[in-house]
Amino acid sequence: MSLKTILSNHPNQPDQLIGILLELQAEKDRSFVTEEEAREIANHLGVTESRVCAVLSFYSFFATEPRGKHVIRVCKDVPCHVVDDFDVLKTVEEFLGVKAGQTTANQKFTIETSSCLGCCDHGPAMRIDETLYVDLTADRVRAIIADIRG
Amino acid sequence: MLERKLVSARCGVINPMSTDDYLAHDGYKSLEKAMTLTKEAVIAEVKTAGLRGRGGAGFPTAMKMASLAIEADPEKYVVCNADEGEPGNFKDRYLLENDPHSVLEGMAIVGYATGATKGYIYIRGEYDLPIRTMRWTVEQAGRRGYLGRMILGCDFTFDVEIRSGAGSYVCGEEFALIESIEGKPGRTRVKPPFPTQHGIFGKPTLISNVETFVNIPVILAIGGSEFAKIGTKSSTGTKLICLSGNLNHRGIFEIPFGVPIRAVIDELGGGCANNRKIRMVQLGGACGPIIPPFMLDMTIDYERFEEFESKTGAGAIIVIDDRFDLFKILLRIVKFFAHESCGKCVPCREGNAQLSIMLEKFIDRRATPTDLLSLESLARVMHQTSLCGLGQTCPTSIIAALRYFREDFLERIEYPGI
Ligand SMILES: Cc1cc2nc3c(=O)[nH]c(=O)nc-3n(C[C@H](O)[C@H](O)[C@H](O)COP(=O)(O)O)c2cc1C
Ligand code: SF4
Ligand code: FES
């Protein structure tokens with residue numbers, strides 16, 4: 001779906017901004033929003049560009065720099081931490097050869113840390129794109145990523 | 001039997017993706033019943049039940065409903081807060097995924113009783129499945145005439161829209177949530193006016209938690225006075241408890257208020273995992289107190305929890321065993337808040353950064369007696385002067401630890417010259 005189509009699916013109201021940005025990012029390969037897109041959305045909704053930028057920088061889902069094709073978010077909060085016997089984050093970082101906050105050279109994966117994912121009874125947990133992965137073990141972490149890498 | 005299933009009675013029993021199944025399990029009967037009553041009578045029933053909000057603050061729900069009902073504005077909103085981002089909490093997700101219609105039924109009843117015209121469910125962006133489930137359920141409910149125009153053939157119109165968050169914990173705070181629904185960054189406002197006077201788009205708005213809404217059809221079904229017999233005097237009904245951490249059985253359990261924490265941990269949680277010992281327990285979530293094992297005989301109810309000066313309800317119980325260092329756990333909690341702080345006010349924005357630095361000194365055994373005093377006073381200042389609940393409650397774990405784990409702090413201090 002192009003930005004034009006997304007915009008035409010939403011009423012011209014400022015409260016649609018977050019929904020539009022979420023849809024736009026989900027459509028894009030590198031899940032980020034460009035300056036031109038921000039401007040187009042601002043014009044369409046009749047809000048200032050700075051308003052769109054403020055929203056982009058406030059919410060952790062949004063990015064203005066390209067991310068990898070897949071974004072891996074590792075939960076780092078206490079309920080997961082205390083049942084994480086092997087260090088999920090380190091396992092992911094070692095497997096992909098980049099650190100949290102970085103993107104792999106082939107632009108395929110970005111690693112991020114995340115606040116609680118709401119599945120603490122099945123921690124440790126991580127979320128890749130729109131899917132939750134729970135009850136992780138080191139082998140499972142590697143298998144999941146290898147599977148996505150193809 | 002410790003458990004008592006009222007709110008979660010259908011969870012795991014019905015197929016959440018079948019409206020027929022919901023109807024076969026008395027679904028929408030409470031809405032039908034409510035609509036044979038006057039609006040005042042519905043609110044009175046909730047008042048008799050003594051229901052208090054399950055989102056953390058424990059505010060009486062009937063009072064909130066009454067304040068929305070008296071507003072004369074023709075446009076009023078009911079918002080279901082499903083932003084559940086507090087580490088250790090996952091009960092709202094459980095309800096949204098397993099009994100989605102009951103959330104809508106509760107909202108429609110509240111909408112009817114308060115004269116609201118529209119409902120929103122604000123679901124955190126990380127909850128992909130609940131968002132999909134609720135979108136589907138809203139559509140189904142509309143088709144069957146339980147949402148939309150002329151509900152059940154009466155002069156009552158109520159639509160529900162699903163809104164997704166985009167990765168921000170503070171958006172669970174009511175004014176931040178309102179800002180977010182309006183399409184802005186989730187930064188809170190100064191109150192009063194309260195949302196029931198001046199909420200979304202400046203219109204009167206009632207905001208309640210998912211579990212609170214699901215209690216409403218239960219109250220209509222069994223009656224307010226029966227409901228009030230469950231639990232304790234100050235806390236009626238049941239509570240969904242989220243057990244996590246180093247336990248043999250983690251998960252969601254529904255208990256009547258008044259049960260001791262230790263019983264929940266031992267009987268439902270199966271005790272500490274791997275035969276280890278409990279070192280500390282955090283109650284409510286990241287914004288709740290950390291207590292030592294000897295305090296676990298306290299019962300779960302709003303009154304007991306007030307002593308911690310945190311508004312935390314009794315949602316989460318996070319058990320941490322003796323392999324973990326108190327100060328590293330506290331630091332992890334502070335880092336969560338530092339990351340989630342919206343930055344609008346100084347005590348919270350700067351305070352969390354300073355708390356991190358101080359805790360690191362305790363971790364490295366570099367802390368001085370002055371650091372202990374500074375830590376204590378900073379935590380107090382943040383609690384008293386922050387603009388919203390995030391900054392006010394984020395030092396709760398530290399304040400509690402300073403009280404109940406005092407020796408641990410003293411033991412880490414370096415006394416110069418000694
Ligand atoms: C930082 C912060 C986050 C919050 N997050 C939530 C949340 O995720 N869900 C929720 O129901 N209430 C949350 N609350 C409490 C809400 O502000 C509000 O009190 C609650 O939704 C009212 O619902 P209730 O009356 O049913 O308890 C949060 C409060 C603060 C200060
Ligand atoms: S207390 Fe924290 S989250 Fe709340 S308004 Fe102040 S800076 Fe923002
Ligand atoms: S702490 Fe990891 S999912 Fe809650």
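Just so we're on the same page: letters track the sequence lines, and every chain starts at 1.
If you measure heavy-atom distances from A:Leu117 to chain B, the contacts under 4.5 Å come from both the backbone and the side chain. In this structure, the portion of B:Phe324 lying under 4.5 Å from any heavy atom of chain A is its side chain and not its backbone. With a 4.5 angstrom heavy-atom cutoff, B:Cys342 touches chain A via backbone and side-chain atoms both. Residue contact with chain A, scored on non-hydrogen atoms closer than 4.5 Å, is absent for B:Glu84. For chain B, the nearby part of A:Asp85 is the side chain; its heavy atoms alone come within less than 4.5 Å. Contacts between B:Glu86 and chain A at a heavy-atom distance below 4.5 Å involve the backbone alone (N, CA, C, O). Contact annotation for B:Val170: only side-chain heavy atoms (C-beta onward) come within less than 4.5 Å of a heavy atom of chain A. For B:Asn246, the parts sitting under 4.5 Å from any heavy atom of chain A are the backbone and the side chain alike. For B:Ile318, the part lying near chain A is the side chain, with the backbone staying farther off; criterion is any non-hydrogen pair under 4.5 Å.
Scanning all heavy atoms of the two residues, the minimum distance from B:Ala166 to A:Leu22 falls at CB-CD2, 4.1 Å. A pairwise comparison of heavy atoms in B:Gly183 and A:Leu17 identifies O-CD2, 3.6 Å as the closest pair. Contact record, B:Pro87 with A:Asp77: CG-OD2, 3.5 Å, taken as the closest heavy-atom pair. The shortest non-hydrogen separation linking B:Gly88 to A:Cys116 is N-SG, 3.9 Å.
For NZ of B:Lys118, the number of neighbouring non-hydrogen atoms (other residues, nucleotides, ligands) closer than 6.0 Å is greater than 12. In the displayed structure, A:Lys28 atom NZ is contacted under 6.0 Å by more than 12 heavy atoms of other residues, nucleotides or ligands. Open room surrounds CD on A:Glu35; 12 or fewer heavy atoms of other groups in view lie less than 6.0 Å from it. Counting heavy atoms of neighbouring residues, nucleotides and ligands inside a 6.0 Å radius, atom CG of B:Asn275 does not exceed 12 of them. Within a 6.0 Å radius of CG in B:Asn274, no more than 12 heavy atoms belonging to other residues, nucleotides or ligands are found.
Not one N or O on the side chain of A:Arg127 forms a donor-acceptor pair closer than 3.5 Å with the backbone of B:Tyr127.
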Verify side-chain contact (heavy atoms from CB on, under 4.5 Å) between B:Cys171 and A:Tyr59, making sure each step is shown before the conclusion.
CA-CA 10 Å; B:Cys171 285; A:Tyr59 295 95; 3.6 Å; yes

Could you walk me through whether B:Arg93 and A:Cys119 pass the side-chain contact (heavy atoms from CB on, under 4.5 Å) test, one step at a time?
CA-CA 9 Å; B:Arg93 180 171 66 85; A:Cys119 51; 3.5 Å; yes

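No other option in A:Ser114, A:Gly118, A:Cys80, A:Ser57 has as many heavy-atom pairs under 4.5 Å with chain B as A:Gly118. Ranked by heavy-atom pairs under 4.5 Å with chain B, the first of A:Leu132, A:Ile20, A:Thr131, A:Val82 is A:Val82. Comparing B:His339, B:Arg332, B:Lys335 by how many heavy-atom pairs each has under 4.5 Å with chain A, the most go to B:Arg332. Between chain B and the options A:Ser115, A:Pro14, A:Gly19, A:Ala54, the largest number of non-hydrogen pairs under 4.5 Å is found for A:Ser115. Between chain B and the options A:Gln16, A:His81, A:Lys76, heavy-atom pairs under 4.5 Å are most frequent for A:His81. Annotation: maximal heavy-atom pairing with chain A below 4.5 Å, among B:Arg187, B:His249, B:Gln282, occurs at B:Arg187. Heavy-atom pairs under 4.5 Å with chain A peak, among B:Lys91, B:Glu340, B:Arg124, at B:Arg124.
Atom CG of A:Asp15 and atom CZ of B:Arg163 lie 4.5 Å apart (nearest 0.5 Å). Rounding to the nearest 0.5 angstrom, the gap separating the CD1 atom in A:Ile18 from the OH atom in B:Tyr122 is 5.5 Å.
Residues A:His122 and B:Phe90 keep their aromatic ring centres 6.0 Å or farther apart.
B:Lys184 places none of its side-chain heavy atoms less than 4.5 Å from the side chain of A:Phe58.
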